[in-house]
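Quick note on labels: first sequence line is chain A, next is B, and so on, each numbered from 1.
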2 protein chains.
Amino acid sequence: LFAIRGLTKVYGEGAAAVHALRGVDLEIARAEMIVLLGPSGSGKSTFLNIVGGLDRPSAGEVFFAGRELGTMSGGELTRYRRDHIGFVFQFYNLIPSLTARENVEVVTDIAQSPMKADDALALVGLGDRRGHFPAQLSGGEQQRVAIARAIAKRPEVLLCDEPTGALDSKTGIAVLEAIANVSAELAATVAIITHNAAIGAMADRIVRFADGRIAEIEANRSR
Amino acid sequence: LFAIRGLTKVYGEGAAAVHALRGVDLEIARAEMIVLLGPSGSGKSTFLNIVGGLDRPSAGEVFFAGRELGTMSGGELTRYRRDHIGFVFQFYNLIPSLTARENVEVVTDIAQSPMKADDALALVGLGDRRGHFPAQLSGGEQQRVAIARAIAKRPEVLLCDEPTGALDSKTGIAVLEAIANVSAELAATVAIITHNAAIGAMADRIVRFADGRIAEIEANRSR
Ligand SMILES: Nc1ncnc2c1ncn2[C@@H]1O[C@H](COP(=O)(O)OP(=O)(O)OP(=O)(O)O)[C@@H](O)[C@H]1O
Ligand SMILES: Nc1ncnc2c1ncn2[C@@H]1O[C@H](COP(=O)(O)OP(=O)(O)OP(=O)(O)O)[C@@H](O)[C@H]1O
Ligand SMILES: [Mg+2]
Ligand SMILES: [Mg+2]
């Protein structure tokens with residue numbers, strides 16, 4: 001489904017230049033689940049943002065179902081994200097002036113065949129927090145709203161940036177089961193950035209980043 | 001050093017009331033390190049915020065060296081925080097318009113015997129990111145700036161809310177060593193909220209929250 005070639009991203013210039021991605025090659029099959037691991041600062045979020053159409057590379061290409069994202073205008077990238085991608089952001093990116101339910105509905109109101117917002121919130125254990133604003137939610141509760149928003153969309157592609165970072169292991173497992181069940185039902189293509197070994201166990205392949213490159217790809221032998 | 005009695009915090013009213021803390025009792029000895037564990041939403045951040053003088057309880061008392069925080073005015077609480085507390089926030093709370101180094105200096109400029117900002121940033125592995133703004137830093141790098149800011153202050157009391165949530169295990173260990181070394185040097189009193197078992201291994205006692213109460217306190221047998 002995805003073919004990524006020579007993906008490069010440089011921030012800044014000259015002596016201050018930061019080479020966040022240094023030529024990344026990867027293919028992702030339809031309905032596959034891959035996990036992205038690697039040290040802090042190794043380029044994982046930058047990679048996911050470009051694949052999700054939220055950022056543009058300095059060089060290289062990302063093909064999605066044969067279309068190269070670099071040829072898309074801003075409006076076309078917006079439609080690409082809206083029609084195909086569910087994204088769980090590392091910083092949650094919730095709208096402070098909307099409740100949990102409203103934050104999910106912003107996305108489901110324009111999706112093709114979404115879940116009900118309340119059903120998605122129930123799947124992540126937040127049924128009784130629907131009317132709360134982000135400032136009235138704990139860290140882990142905010143993260144779970146961000147996850148509910150992405151899975152409620154029932155997207156073809158689910159991109160998750162550290163979806164369990166703020167969660168205790170029991171809540172994290174419940175959330176991973178929600179992600180796994182929804183994606184299995186949709187045969188979704190899933191890429192998850194995580195430090196959580198339990199997610200590693202669910203993946204088809206494990207992709208290790210180091211210093212802006214892919215250092216290693218291994219098939220998950222425990223599956 | 002701390003005596004906490006009947007600490008209670010209720011948000012909202014009537015049917016919508018959320019009982020975030022339901023009468024928490026705890027004593028914390030000087031130079032002790034305790035770890036706070038518990039499910040998402042169980043009251044850990046609320047507890048730490050009140051102990052750190054960032055929030056006020058609905059009922060109950062927090063004694064710090066014999067002074068009850070509930071008797072302090074807003075200005076006295078501000079001085080309490082400035083003079084005694086280093087805080088690592090679950091949401092980092094960095095100032096977007098200041099660089100990493102400037103974010104640390106905001107705190108060290110008014111501290112009694114601080115580290116140099118550059119030394120603290122080096123301790124968390126960010127020596128080469130000092131001039132970056134928060135938006136130019138990865139999630140884990142932002143979290144490390146927040147940690148550097150707290151430990152650079154060389155505080156008497158260090159309160160950390162999920163300090164390694166966004167970090168891979170190797171970076172997390174380096175950061176924990178920085179926290180452990182700085183606090184040992186100062187004989188600081190440390191309370192850390194975490195899901196990271198490695199931090200649990202460093203603690204004197206493990207305090208488990210559930211549903212706004214302390215469910216269990218155990219001495220750390222592996223020390
Ligand atoms: N301003 C608020 N209004 C209403 N409820 C609130 C408010 N702030 C927090 N809460 C609720 O209080 C409870 C405790 O929140 P707290 O942030 O202390 O949990 P926590 O243990 O830190 O969770 P996490 O591990 O997810 O960070 C949560 O259920 C949360 O929804
Ligand atoms: N706008 C920017 N300007 C300059 N450098 C940047 C910018 N955004 C990111 N970087 C740098 O690019 C590198 C990769 O960042 P990225 O967010 O992809 O890392 P990451 O693997 O997601 O890290 P983490 O695990 O800490 O979230 C980092 O070293 C970061 O400092
Ligand atoms: Mg990241
Ligand atoms: Mg919290």
- Item | Partner chain A: residue of B:Leu137, B:Leu37, B:Val18 with the largest heavy-atom pair count (under 4.5 Å) |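 Of B:Leu137, B:Leu37, B:Val18, B:Val18 has the most heavy-atom pairs under 4.5 Å with chain A.
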- Query: Out of B:Gly43, B:Gly139, B:Gly172, B:Gly165, which one racks up the most heavy-atom pairs below 4.5 Å with chain A?
  - Reply: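 When all of B:Gly43, B:Gly139, B:Gly172, B:Gly165 are compared, B:Gly139 has the most.
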Heavy-atom donor-acceptor pairs under 3.5 Å, chain A with chain B:
| residue | atom | partner | partner atom | Å |
| --- | --- | --- | --- | --- |
| A:Ser40 | N | B:Asp168 | OD1 | 2.7 |
| A:Ser40 | OG | B:Arg144 | NH2 | 2.8 |
| A:Arg144 | NH2 | B:Ser40 | OG | 2.7 |
| A:Ala166 | O | B:His195 | NE2 | 3.2 |
| A:Asp168 | N | B:His195 | NE2 | 3.2 |
| A:Asp168 | OD1 | B:Ser40 | N | 2.7 |
| A:His195 | NE2 | B:Ala166 | O | 3.2 |
| A:His195 | NE2 | B:Asp168 | N | 3.3 |

- Query: Among A:Pro39, A:Ala20, A:Gly131, who wins on heavy-atom pairs under 4.5 Å with chain B?
  - Reply: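 Top option by heavy-atom pairs under 4.5 Å: A:Pro39.
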